[in-house]
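Step one of this worksheet: look at the structure below.
Excluded from the calculations below are hydrogen atoms, water molecules and symmetry mates; all remaining heavy atoms, backbone and side chain alike, are included.
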Amino acid sequence: MSKYHFNEIEAKWQKHWAKNQTFKAVNPSPSGGGQEGDKPKYYVLDMFPYPSGAGLHVGHPLGYIASDIYARYKRHQGFNVLHPQGYDSFGLPAEQYAIQTGQHPAKTTEENIARYREQLDKLGFSFDWSREVRTSNPEYYKWTQWIFIQLFESWYCKHANKAFHISELIEVFEAEGNYNVEAVCDDNVEIFTSKQWLDFSETKKQEILLKYRLTYLAETEVNWCPQLGTVLANDEIVNGVSERGGYPVVRKKMKQWSMRITAYAQRLLDGLNEIDWPQPLKDSQTNWIGRSKGATVKFRVMSSELGKGENSSLITHNSELEIPVFTTRPDTIFGVSFMTLAPEHDLVSKITTAEQKEAVENYIEATAKRSERERMADVKTITGVFTGAYAEHPFSGEQIPIWIGDYVLVGYGTGAVMSVPCGDQRDYDFAKHFNLPIPNIFKDADISEEAYSDKENTIITNSDFLNGLNYSEATDKIIAALEEKGIGKGKINYRLRDAVFSRQRYWGEPFPIYYKDGMPQIIPTECLPLRLPDVEKYLPTEEGEPPLGRADDWAWDVEKLSVVSRQLIDHKTVFPLELNTMPGWAGSSWYFFRYMEDEKRDEVFASKEALDYWQNVDLYIGGSEHATGHLLYSRFWVKFMLDRGFVNVEEPFKKLINQGMILGESALIYMLQPTDLPPIFISKEIYEKEEIDLKETGKRGDLYDLYSIIFKKYNLNSPAGFVHQTVHADVSFVNIQNELDIEAFKNWRPEYKYAIFILEDGSVYELNSSPSGRPGGAFKVSREVEKMSKSKYNVVNPDDICNQYGADTLRMYEMFLGPLEQAKPWNTAGITGVHGFLKKLWKLYHSGPDESFYVTDTPLSEGQGEALKTLHKTIKKVQEDIENFSFNTSVSSFMIAVNELISQNCNSREVLEPLAILISPYAPHIAEELWQKLGHSESIATAVFPKFEQKFLVESSKEYPISFNGKMRFTLELPLDLTKEEIESAVMAHEKTAQYLEGRAPKKVIIVPGKIVNIVG
RNA sequence: GCUCGAGUGGCGGAAUUGGUAGACGCGCUGGAUUCAAAAUCCAGUGUUUUAGGACGUGCGGGUUCGAUUCCCGCCUCGAGUACCA
């Protein structure tokens, strides 16, 4: 009578939840009272998606399902749960699409969001949509701009180790100049007194302040991608090409906004100890920040004319030039035999001698031509050139030749190294290649083949006052000596660079900045948002300006306090606005705070009460690809916002889980494309057999005979070469046996319409063969596991699965696939098992006549304890599993429980009611339906999670495994309250024991009560 | 190269503190039901065997009464990162 009609049930409850706002989170009232205020809070967040035109595929929901299970579980546990969702809706694809079609990105974004929402709703997530955010929404990016202004108006004090308002810095400048200021700032800041400061012009003051601001403008060498017409951050480049599109990237100097994230390097590192994140993710942040401890040392350049003279005693130290280097091994300073500068180093042109000038210039030109990618790919080739100049060793006074080489990177450290060939492999290789001396300063170390880089197990020698010391002793002593001489000091260096924050794009947040006398000025915060202007085209201008350069109304009137036409720019009251926009990570670096606010969104980014209540994200779920992007930038912004008192947490995400990627199983087809024929497709086994035969015998076989028949038929000569290629077929044309739907495939592409197919049985399928006369053989494709992508036609849409099996099945199946954090290929082979389970679950509650709902209220009597045992075993397991994010194993537990309860003919409310709650985080729709049938009018969402009671699991006896020498031989049921001695005598008395002992006396009997018995003998 | 992770049946995977290896599901085999099919239900399913057993968690060793689990050395695969001084 009542079958499991999942489609009806799911639609019904999705509608019900939306209508009743079942999952709306409520902030406690400011007075502190209210029902919600009594509950502990819990904040579960997914990394919000970029709404792409392709829609959701089955991989997207994996993390959302996991977080939804957790959020629902926490509601059952009595928490006030915040589980919101939104869209990271600024981004390149919408803009690329706009360039191609002229369609406004806002419109495509809107459409894509609508589709995403429809797909998400079908999966039954318990999101509170009333708090949705969209980063491209002006009401939202108003606050992104606001935060930018706060960064602009802040500086970082190294002494207090936090950020302060810029006005506090100005006060210091006015009172005493900048002599005592310890700030994170540009390298080239001049020292001035308070008087000098007061005498500076306004523009000069602004210029100086810009060197201190946490976001600043600087001429920086950036990764420029000509095809995309924009700058890319380091984490947007993969293997020297752009992450999106795979276009080449070149180095280029541009005036760009940067974020002084380096100010926070140490705190970003330290914070990792406070948060519960996967170790690999923490490791990659640690590597990205790249802390290394060492020292800076200044080497004085010798006057080059004298330096090359034979009589070195004549050399005077009158050279003004110094080369600072950073080294992690100051203890090896007496091993320095040359120095190497990066080709781009500023000093190169100043120190190069006349004789070497030509060689050096040629070398610099040659390296500049090599792209970053070539330079990276070709690490083996050693190149370099001598500058002709020498430096003086700070302790021995020896002259050290100065070389340039492209193994030294201008962007790291000081762009120069002191080369110690005996201790560093790169220096060693360079020295060998150019025949430079390799003095050995390690006692008993063999450096005939390679450098000796083990710093722990060595004693320094040939090193003057460092002789006989080990690494750490020598390091301490040399740093003290350097500091005493004033030519160096201990230093921590970070690999982390300041983050470039400008993008030459349209579809991003406009900077709230205009330019007066070339200096950036902020737009008053009360005028925000500064809305993105309309443009006719989304491309850069002919002059190479970003797309915003095309906007007519894009100037700032300081009197009217509004955006006006560019025509009106007079640099007196109307000024040009910034043309760049912010990068994708701007909006995603603080969105988690926005969800906390539900009412005063116009007044604040999030109110103090909301921030105080929700604090930070308790559980964050998303992909590991954001390890060094989003997850680092968010942490940086949160630390900054804490410093300035806008929020009250040091870290945004307390616990983080990376869900593994669901991969697609692409369908690949072998193809031969003759010049005058439609393509010929070859079934998998036929092709692969031929490949093997060809390899083994060197002869072409059956497949080539088939080809010649085909070619003959069309009066063609066989092509000279048989070049096969593989093409992707849409996975929807392929069934579970990897057989292709040939007709669907032919209709897919016009060029395949007349294609010829060689089937698995060797027969040929052509256009002319009528469907009835079609040969019996199937056509098989080969499979390859790849990332799901539109271009590989391996995308599986969750909607199809939902229609066929239901959202509850999809949810449970995705969890059942394997551990959450593991990457796994999508394969629907097992889905029927999970679907069958839900049908059985339904049946368990419908054991009445004609499959009608039947649950009895009669309490279980003594003898029916088995059902309660099953229930409590399951409660225990499921609760542990959820808390350990081991969702795959709890699905098995549910299967076991339902199988057992069916065989026990259980229909008791005492068991079936708690079971419905247990399962509701996983399969919420069926659980709600059963809950309602059980007679409840309230949603199951906040029903109290069943309490595990040990008493139902107490056993009186145990089936002991009896093993001999560690091998299990038989089992023996014994009461659990026996002592060791009693167990031993019971086991020894058993006939099988004697049989396995074969007359030997046991040497030893190990008894672990409640676990095992092991007899050694 | 470096860092991290993983190797278990035909497949996805389980075994959370060292204690009966292979839970659960898929697939496969046989059976029941059916005119037939779907669906459903029942039984079996690591390999091997002389039917007692032997072997079995990437490979080789070790610790232990006992190792998928701990230690040492290797192999393979995956991810990240890369001339970082």
### Query
If you measure only the distance, is there a donor-acceptor pair under 3.5 Å linking the side chains of A/Ser284 and A/Thr628?
no
With a non-hydrogen cut-off below 4.0 angstrom, is [X] in contact with a base, only sugar-phosphate, or nothing?
{"X": "A/Asn493", "value": "nothing"}
{"X": "A/Glu959", "value": "base"}
{"X": "A/Lys967", "value": "sugar-phosphate"}
{"X": "A/Asp427", "value": "nothing"}
{"X": "A/Pro819", "value": "sugar-phosphate"}
{"X": "A/Arg969", "value": "sugar-phosphate"}
{"X": "A/Asp283", "value": "sugar-phosphate"}
{"X": "A/Asp429", "value": "nothing"}

### Query
For RNA chain B, whose closest nucleotide is more 5', that of A/Asn1014 or that of A/Lys958?
A/Lys958
### Task
Please figure out whether A/Asn287 or A/Thr327 has its closest RNA chain B nucleotide nearer the 5' end.
A/Asn287
Measuring from the side chain of [X] (C-beta onward, heavy atoms only), which nucleotide among [options] has the closest atom?
{"X": "A/Ile1006", "options": "B/U16, B/G25, B/C65", "value": "B/C65"}
{"X": "A/Val1008", "options": "B/C41, B/G27, B/G19", "value": "B/G19"}
{"X": "A/Pro961", "options": "B/U20, B/C26, B/A14", "value": "B/U20"}
{"X": "A/Thr971", "options": "B/A23, B/C26, B/U20", "value": "B/U20"}
{"X": "A/Tyr407", "options": "B/C83, B/C24, B/C41", "value": "B/C83"}
{"X": "A/Asn888", "options": "B/A14, B/U40, B/G25", "value": "B/A14"}
{"X": "A/Ile896", "options": "B/A85, B/A21, B/A23", "value": "B/A23"}
{"X": "A/Trp288", "options": "B/A15, B/A39, B/A82", "value": "B/A82"}
{"X": "A/Val417", "options": "B/G13, B/C24, B/A85", "value": "B/A85"}
{"X": "A/Ile1012", "options": "B/A85, B/A14, B/G19", "value": "B/G19"}

Hey, does the side chain of [X] come within less than 4.0 Å of [N]'s phosphate (OP1/OP2), counting only N and O?
{"X": "A/Lys1004", "N": "B/C65", "answer": "yes"}
{"X": "A/Arg329", "N": "B/C84", "answer": "no"}
{"X": "A/Gln425", "N": "B/G1", "answer": "no"}
{"X": "A/Arg426", "N": "B/C84", "answer": "yes"}
{"X": "A/Ser963", "N": "B/U20", "answer": "no"}

### Message
Can you tell me the base-pairing partner of B/U29? Count Watson-Crick or G-U wobble geometry only, both distances below 3.5 Å, and say none if there is no partner.
### Response
B/A43
Does the plane of the ring in [X] sit parallel, tilted or perpendicular to the ring in [Y]? Use 30° and 60° as the thresholds.
{"X": "A/Phe430", "Y": "A/Phe434", "value": "tilted"}
{"X": "A/Phe948", "Y": "A/His872", "value": "tilted"}
{"X": "A/His630", "Y": "A/His626", "value": "perpendicular"}
{"X": "A/His990", "Y": "A/Phe970", "value": "parallel"}

How far, in whole Å, is [M] from [N] if one measures between their [atom1] atoms?
{"N": "B/G46", "M": "B/A38", "atom1": "C1'", "result": "32 Å"}
{"N": "B/A82", "M": "B/G18", "atom1": "C1'", "result": "39 Å"}
{"N": "B/A15", "M": "B/G22", "atom1": "C1'", "result": "9 Å"}
{"N": "B/G62", "M": "B/G56", "atom1": "P", "result": "15 Å"}
{"N": "B/G10", "M": "B/U29", "atom1": "C1'", "result": "13 Å"}

### Query
Where does B/G9 land, syn or anti, once you apply the within-90°-of-0 test for syn?
syn
### Query
Charged N to carboxylate O under 4.0 angstrom, A/Lys843 versus A/Glu851?
no
#### Entry: A/Arg635 to A/Trp288, cation-pi by 6.0 Å centre distance and 45° axis angle
no
### Query
What about A/Lys877, does its side chain sit under 3.5 Å from the base of B/U16 through a donor-acceptor pair?
yes
